[in-house]
A.B. asks: 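Quick one: this structure, given as structure tokens, is what I'll be asking you about.
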Amino acid sequence: SSDLVMQNIVDIIFSVTMVGVIYCLSTELFNNRISAIVAVVISSAYPHFLFYAIAGLTETFYTLLLLSSFFFFYKEKYLIAIFILVLSILVRPSLDFLNPFLVIIFTFFVFRRGYIKSIKQALIYIFIYIVLMSPWWIHQHQKYGEFIRLNLGDGIVLYSGNNPLNLTGGGVGRDVGPSDMDLSTFSDIVNPVERNHAMKQAAMNYIVANPGRFIELAGIKFVRFWRLWPHTEFYQQWYTIAASLLSYGVVLLLSIGFILRNSKEHFRRLLPIYALFGYLTLVHMVTISSIRYRFPLEPFLIIFASQFLVSLLQNRPWFIIIQEKILKISSK
């Protein structure tokens with residue numbers, strides 16, 4: 001349909017813009033144009049970027065917002081960074097609890113602006129949060145008759161990931177194979193708010209009653225989150241696995257090399273990114289896991305991998321020649 005075509009066009013524009021933001025963010029982080037150009041080259045042909053650009057999902061737009069927010073934070077443009085960060089919650093609320101801490105991490109730890117400045121930026125975040133979220137709160141109140149801060153998706157996600165039928169760490173529901181949950185228990189609850197609360201309570205009861213299984217599932221979800229190729233049965237073709245291994249697999253390996261070799265040197269500056277990685281991984285170890293939810297982290301992995309690759313090659317004579325030519329061309 002024409003709507004789907006238009007959505008794909010817009011998502012492709014978002015994806016192309018995201019590559020540009022990756023260049024800007026990489027340059028801002030490491031002040032190295034060569035590694036930024038390498039990041040652009042990788043991003044331009046990165047299979048996951050290409051897939052989500054035409055998948056009709058929110059991944060590309062959300063990731064663009066997240067990257068843009070981080071870029072403006074690193075430029076110390078707090079107002080626009082906070083505005084975009086809050087805006088991203090309306091697309092996907094996963095980082096809702098982390099976001100105010102990101103503001104503090106950037107202000108107090110990365111740029112060391114002191115307590116007063118950090119508190120000021122935190123208050124600005126709260127103000128912008130209330131302003132941007134208020135229309136959504138009004139809409140939710142009109143729809144459900146009570147205050148709903150985010151949405152009613154947390155109950156089914158938490159229950160899907162924590163119930164006796166979940167064996168794979170994924171969800172929500174399956175079209176092929178056995179289902180990962182049984183919702184018949186909640187079918188008699190007409191009120192959607194009460195049903196959402198009942199799902200959350202059932203999930204918590206399951207976790208408390210089965211702590212060993214919860215930890216086991218958390219490990220399964222961790223592996224699934226960072227998996228080298230898709231878990232779903234629809235993407236088990238050899239060429240899909242090969243494309244994922246040769247793109248994400250290589251990027252992940254180089255990123256690990258960067259962290260092991262360079263994390264101490266850049267630790268304070270990269271602390272917000274590390275916090276983002278840790279938080280998002282933890283969220284999906286508790287709820288449900290998929291490589292789809294890892295996608296917003298992959299641009300950061302590409303930036304790390306590019307910086308590490310350039311640092312490995314920077315003293316090679318042939319690479320020095322190529323580097324000089326690239327800088328000469330890009331400066332024209």
Side-chain angles (χ1 to χ4, degrees), residues 15-53 60 63-64 66-68 70-75 110 225-229 238-278 280-281 291 294-332:
S15 187
V16 172
T17 305
M18 187 168 66
V19 173
V21 176
I22 288 173
Y23 174 85
C24 295
L25 182 56
S26 178
T27 305
E28 188 65 32
L29 284 173
F30 303 116
N31 193 28
N32 188 324
R33 287 175 60 194
I34 294 299
S35 67
I37 290 172
V38 171
V40 165
V41 172
I42 294 173
S43 301
S44 300
Y46 196 67
H48 293 175
F49 286 8
L50 300 176
F51 173 81
Y52 285 110
T60 299
T63 304
L64 173 61
L66 185 63
L67 288 171
S68 300
F70 269 67
F71 170 70
F72 284 113
F73 269 123
Y74 279 111
K75 297 289 288 185
V110 176
F225 187 80
W226 292 104
R227 186 182 166 95
L228 294 178
W229 62 87
W238 70 265
Y239 50 85
T240 303
I241 296 174
S244 189
L245 287 173
L246 293 173
S247 55
Y248 165 69
V250 174
V251 165
L252 180 62
L253 181 63
L254 292 173
S255 299
I256 293 173
F258 171 85
I259 292 172
L260 293 176
R261 182 182 178 186
N262 305 104
S263 62
K264 186 176 181 180
E265 176 188 358
H266 301 285
F267 181 78
R268 182 169 59 86
R269 188 160 179 79
L270 298 180
L271 187 58
I273 299 176
Y274 294 151
L276 172 67
F277 274 52
L280 202 58
T281 301
I291 65 169
R294 184 193 68 216
F295 181 75
L297 303 180
E298 292 186 34
F300 296 100
L301 292 177
I302 290 173
I303 292 172
F304 289 172
S306 301
Q307 176 65 16
F308 181 67
L309 183 60
V310 169
S311 71
L312 291 179
L313 301 175
Q314 61 184 355
N315 294 324
R316 305 292 176 89
W318 61 269
F319 186 76
I320 293 174
I321 295 173
I322 294 176
Q323 179 175 270
E324 289 175 350
K325 289 183 178 181
I326 292 175
L327 290 174
K328 185 177 181 179
I329 294 173
S330 63
S331 63
K332 289 182 179 180

A.B. asks: Taking all non-hydrogen atoms of both residues, which atom of R294 and which atom of R227 are closest, and how far apart?
C.D. replies: NH1-O, 2.8 Å

A.B. asks: Please report the interatomic distance CD1(I273) to CG(L29), rounded to the nearest 0.5 Å.
C.D. replies: 5.0 Å

A.B. asks: Would you say S35's side chain and S306's backbone share a donor-acceptor pair under 3.5 angstrom?
C.D. replies: no

A.B. asks: Is the distance between the ring centroids of F51 and F295 less than 6.0 Å?
C.D. replies: no

A.B. asks: Would the Y46 and Y248 ring centres measure less than 6.0 Å apart?
C.D. replies: no

A.B. asks: Tell me the closest heavy-atom pair linking A45 and L50, and the distance in Å.
C.D. replies: O-CD1, 4.2 Å

A.B. asks: Within a reach of under 6.0 Å around CZ of R268, are more than 12 heavy atoms found that belong to other residues, nucleotides or ligands?
C.D. replies: yes

A.B. asks: To the nearest 0.5 angstrom, please state how far the CE atom of M18 sits from the CG atom of L66.
C.D. replies: 10.5 Å

A.B. asks: Do the ring planes of Y74 and F70 sit parallel (below 30°), tilted (30 to 60°) or perpendicular (above 60°)?
C.D. replies: tilted

A.B. asks: Are L270 and F304 close enough that some pair of their side-chain heavy atoms sits under 4.5 Å apart?
C.D. replies: yes

A.B. asks: Verify, without hydrogens or angle tests, whether S255 (side chain) and V251 (backbone) share a donor-acceptor contact under 3.5 angstrom.
C.D. replies: yes

A.B. asks: Are any non-hydrogen side-chain atoms of I291 and W229 less than 4.5 angstrom apart?
C.D. replies: no

A.B. asks: Kindly compute the distance separating CG (L254) from CD (Q307), expressed to the nearest 0.5 Å.
C.D. replies: 12.0 Å

A.B. asks: Taking the side chain as C-beta and beyond, is there a heavy-atom pair between I259 and F277 under 4.5 Å?
C.D. replies: no

A.B. asks: Output the distance between atom CZ (F72) and atom CG (L67), rounded to the nearest 0.5 Å.
C.D. replies: 12.0 Å

A.B. asks: Going by the angle between their ring planes, with limits at 30° and 60°, are H266 and F258 parallel, tilted or perpendicular?
C.D. replies: parallel

A.B. asks: For S26 and I22, indicate whether the former's side chain and the latter's backbone hold a donor-acceptor pair under 3.5 Å.
C.D. replies: no

A.B. asks: Going by heavy atoms in the side chains, are F49 and S44 under 4.5 Å from each other?
C.D. replies: no

A.B. asks: About how many Å separate CG of L260 and CD1 of I256, when rounded to the nearest 0.5 Å?
C.D. replies: 7.0 Å

A.B. asks: Rounded to the nearest 0.5 Å, what separation is found between the CD atom of E298 and the OG atom of S43?
C.D. replies: 10.5 Å

